[in-house]
Amino acid sequence: MALSMTHQIGALAGTPIPAETVTSPGDSMATVSAPPMWKSPASTLRCSVQKPDIGEGVSPPLSPCRSPVLGATRLDLSMACQAFATEVEAPATEREYREGVAHDKGKGVPVYVMMPLDSVTMNNTVNRRKAMNASLQALKSAGVEGIMMDVWWGLVERDAPGTYNWGGYTELIEMAKRHGLKVQAVMSFHQCGGNVGDSVTIPLPKWAMEEIDKDPDLAYTDQWGRRNYEYLSLGCDTLPVLKGRSPVQCYADFMRAFRDNFKHVLGDTIVEIQVGMGPAGELRYPSYPEQNGTWKFPGIGAFQCYDKYMLSSLKAAAESSGKPEWGSTGPTDAGHYNNWPEDTPFFRKEGGWNSTYGEFFLSWYSQMLIEHGERILTSAKSVFDNTGVKISVKVAGIHWHYGTRSHAPELTAGYYNTRFRDGYLPVAQMLARHDAVFNFTCIEMRDHEQPQDALCAPEKLVRQVALATQKAQVPLAGENALPRYDEFAHEQILQASSLNIDGNSDDREMCAFTYLRMNPQLFQADHWGRFVAFVKKMKEGKGANKCREQVERETEHFVHVSQPLVQEAAVALTH
């Protein structure tokens with residue numbers, strides 16, 4: 001017997017999903033307060049935070065910094081498949097509505113949706129092909145501009161240097177093109193696995209791991225000798241340590257092979273290349289590693305500069321500064337991963353971070369990260385020049401302990417941002433030199449939802465970053481850091497996507513927003529209804545002259561008239 005549509009979309013989670021009574025369109029727009037709406041595994045981040053006892057073993061941490069868990073979820077399938085209508089003539093009212101949503105190019109912010117991390121299998125095929133096809137059509141029907149997909153280095157160039165298998169990505173990109181969706185392709189040079197929501201494990205290429213086994217200093221290292229295998233240490237960026245090539249050469253060759261393979265859709269279907277520059281694809285050090293419970297929110301993290309290549313650079317910098325005694329190690333009084341700033345001599349209110357030594361070390365540490373970005377962007381720009389694609393870089397939204405003077409978690413991650421120094425302007429200026437987009441996370445977060453004892457301030461952080469990008473004249477794009485389906489988060493994103501930064505000029509809109517992530521929960525009836533309304537409001541812009549009731553009526557109308565198409569599509573999919 002053929003599988004029902006519920007089972008097909010449910011396959012996105014890799015788990016069986018029981019049938020459920022269909023929720024009426026009227027229920028889909030019910031207003032629900034934020035906490036009950038997003039009972040995700042990361043909900044602990046919104047609770048009171050206790051300072052951990054460093055001596056105790058810690059459970060696997062839940063971070064505010066990456067992907068949601070694709071867990072088992074009950075679905076309302078009627079909402080998940082609206083756009084199978086590509087092969088069925090839509091009623092005029094639905095067709096008109098869809099055209100109004102999907103093709104209005106007026107003022108507003110286009111919305112993209114992140115694909116599941118395992119959209120391409122380890123055998124280089126599209127994972128859950130029928131469910132994927134159904135979901136892409138549903139996203140298109142909602143007015144979504146396109147999708148973001150991770151193009152994993154560890155999958156494509158897995159077996160041998162210079163041997164690339166684009167199989168699953170070729171099919172997935174063609175699928176997106178067929179449905180009229182744009183693609184943001186992420187050059188994912190990091191490992192998948194070790195961050196919250198990393199539901200699959202995709203290591204670095206086998207041959208690269210072989211070289212790390214021979215020379216463990218190719219991996220980022222902390223002061224206690226722990227190695228991190230999420231991303232190669234930037235200390236060896238230009239050294240021929242990977243079977244005769246440097247890491248930057250490997251990244252450039254990978255991007256060039258991607259360009260050559262997909263040149264027929266670059267600038268048309270593929271409109272953006274996001275270049276991975278660190279763990280979770282972000283330009284940062286792996287200072288808060290979650291694997292094995294090393295770090296737990298809201299710990300300060302730890303500096304990652306103790307491999308021999310980083311130490312060699314530190315030694316040279318100290319000698320050129322006339323302080324050779326500063327070159328043998330990083331700060332020795334900066335505490336442990338799960339300390340709080342005031343627990344450590346280096347990060348406390350009047351600590352070493354604000355000393356002459358602190359300024360030397362933090363300047364070197366952050367500059368190394370910026371130079372890493374410069375090197376990779378130089379390659380990316382030369383590869384994708386004149387192809388019509390934008391290049392972007394993701395910067396992490398590290399908002400905990402933002403209210404302290406030292407901003408310790410940002411410092412350990414490589415952002416030299418303190419109460420007395422703007423650490424994001426140099427990053428924005430570096431991106432501006434390469435015409436790259438500044439992509440920032442935690443756009444959905446509100447200050448009062450965060451643990452106040454950890455002095456979290458995501459709204460203030462977003463505003464600081466927006467101001468830095470305005471000063472540097474670099475485009476700003478955004479993402480949500482955690483899965484949210486409630487109107488409170490949607491409204492926060494809408495506000496943050498169009499900020500009046502200086503109070504004098506018009507609102508400055510983001511160039512794009514990417515919604516994390518396509519999963520079964522998104523296709524639940526109430527979540528889907530709110531998501532459709534959210535996409536519509538983002539595309540129309542904050543200044544759209546429509547009342548809430550009008551948006552709700554239009555959204556409910558769309559959901560209602562699309563139901564016959566959903567039923568026909570579900571039948572077609574099972575054959």
Side-chain angles (χ1 to χ4, degrees), residues 3 5-14 17 67-68 70 73 75-88 90 94-95 98-99 101-103 110-121 125-151 166-186 262 265 268-272 512-524 527-528 531-532 534-536 538-539 558-559 562 565-574:
L3 289 177
M5 191 62 192
T6 305
H7 290 92
Q8 295 290 354
I9 296 290
L12 278 171
I17 299 173
S67 46
L70 300 178
T73 303
L75 296 182
D76 179 313
L77 268 302
S78 65
M79 299 303 104
C81 322
Q82 278 89 348
F84 282 100
T86 50
E87 297 176 9
V88 183
E94 192 275 337
R95 199 167 58 244
R98 185 169 58 191
E99 288 170 358
V101 171
H103 303 299
V111 176
Y112 292 76
V113 175
M114 290 189 201
M115 301 295 282
L117 293 168
D118 61 347
S119 294
V120 173
T121 70
T125 61
V126 172
N127 205 8
R128 302 176 294 272
R129 185 177 287 105
K130 288 185 177 181
M132 195 70 70
N133 192 60
S135 301
L136 290 183
Q137 295 191 63
L139 294 178
K140 178 62 178 179
S141 76
V144 166
E145 183 78 8
I147 57 174
M148 174 180 278
M149 63 176 70
D150 287 285
V151 183
W166 303 106
Y169 293 106
T170 299
E171 184 179 355
L172 196 55
I173 289 169
E174 284 300 318
M175 193 181 291
K177 179 182 178 181
R178 191 164 62 249
H179 298 312
L181 291 166
K182 305 297 185 186
V183 173
Q184 298 169 319
V186 185
F262 295 105
V265 288
D268 177 20
T269 298
I270 301 173
V271 295
E272 181 180 323
F513 179 80
T514 304
Y515 184 89
L516 179 149
R517 173 184 308 274
M518 191 181 88
N519 63 16
Q521 286 178 294
L522 175 61
F523 293 121
Q524 289 185 32
H527 295 172
W528 183 250
F531 177 73
V532 171
F534 161 70
V535 172
K536 183 170 180 58
M538 287 286 282
K539 289 175 72 68
F558 163 66
V559 170
S562 62
L565 306 177
V566 173
Q567 294 167 1
E568 289 190 50
V571 171
L573 185 63
T574 58

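- With sequence neighbours left out, Tyr515 forms a ring-ring contact (aromatic ring centres under 6.0 Å, His included) with Phe531.
- Under the rule for a side-chain contact (heavy atoms from CB on, under 4.5 Å), the partners of Val265 that lie at least two apart in sequence or sit in another chain are Ile173, Glu174, Lys177, Phe262, Thr269, Ile270.
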> Are Met149 and Ser119 close enough, and set up right, to give a side-chain contact (heavy atoms from CB on, under 4.5 Å), and what steps lead you there?
Replying inline: CA-CA 8 Å; Met149 63 176 70; Ser119 294; 5.9 Å; no

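- One finds the CE atom of Met148 at 14.0 Å from the CE atom of Met518 (value rounded to the nearest 0.5 Å).
- Pairing each heavy atom of Val535 with each of Ala142, the nearest pair is CG1-O, 3.5 Å.
- The shortest non-hydrogen separation linking Leu172 to Val126 is N-CG2, 3.9 Å.
- Atom NZ of Lys140 sits about 5.5 Å away from atom CG of Leu181, to the nearest 0.5 Å.
- Using modelled atom types, no side-chain atom of Asp118 and backbone atom of Thr121 make a donor-acceptor pair closer than 3.5 Å.
- Listed by chain and number, the residues in a side-chain hydrogen bond (donor to acceptor under 3.5 Å, both in side chains) with Thr170 amount to none (sequence neighbours excluded).
- Checking side-chain atoms of His527 against main-chain N and O of Gln521 turns up a donor-acceptor pair under 3.5 Å.
- For Lys182 and Glu272, the salt-bridge test fails: no basic side-chain N is under 4.0 Å from an acidic carboxylate O.
- Here the straight-line distance linking atom CG of Leu117 with atom CG of Asn127 works out to 11.5 Å at 0.5 Å rounding.
- Annotation: side chain of Asn133 is in contact with side chain of His179 (closest heavy-atom distance under 4.5 Å).
- Contact between Ala176 and Leu136 at its shortest, heavy atoms only, is N-CD1, 4.2 Å.
- Side-chain contact check for Leu522 versus Trp528: some heavy-atom pair is nearer than 4.5 Å.
- Side-chain N or O atoms of Arg517 include one that pairs as donor or acceptor with a backbone N or O of Met115 at under 3.5 Å.
- The line from CG of Asp150 to OH of Tyr169 is 7.0 Å long, rounded to the nearest 0.5 Å.
- Here the closest heavy-atom approach between residue Phe523 and residue Ala138 is recorded as CE2-CB, 3.9 Å.
- Nearest heavy atoms, Pro116 versus Arg128: CB-NH2, 4.1 Å.
- A pairwise comparison of heavy atoms in Val151 and Trp166 identifies CG1-CZ3, 3.7 Å as the closest pair.
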>> As a quick check of understanding, evaluate side-chain hydrogen bond (donor to acceptor under 3.5 Å, both in side chains) for Gln184 and Thr514, giving each step before the final call.
In response: CA-CA 9 Å; Gln184 298 169 319; Thr514 304; 2.9 Å; yes

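- A distance of 5.0 Å separates CZ in Phe513 from CZ in Phe534, rounded to the nearest 0.5 Å.
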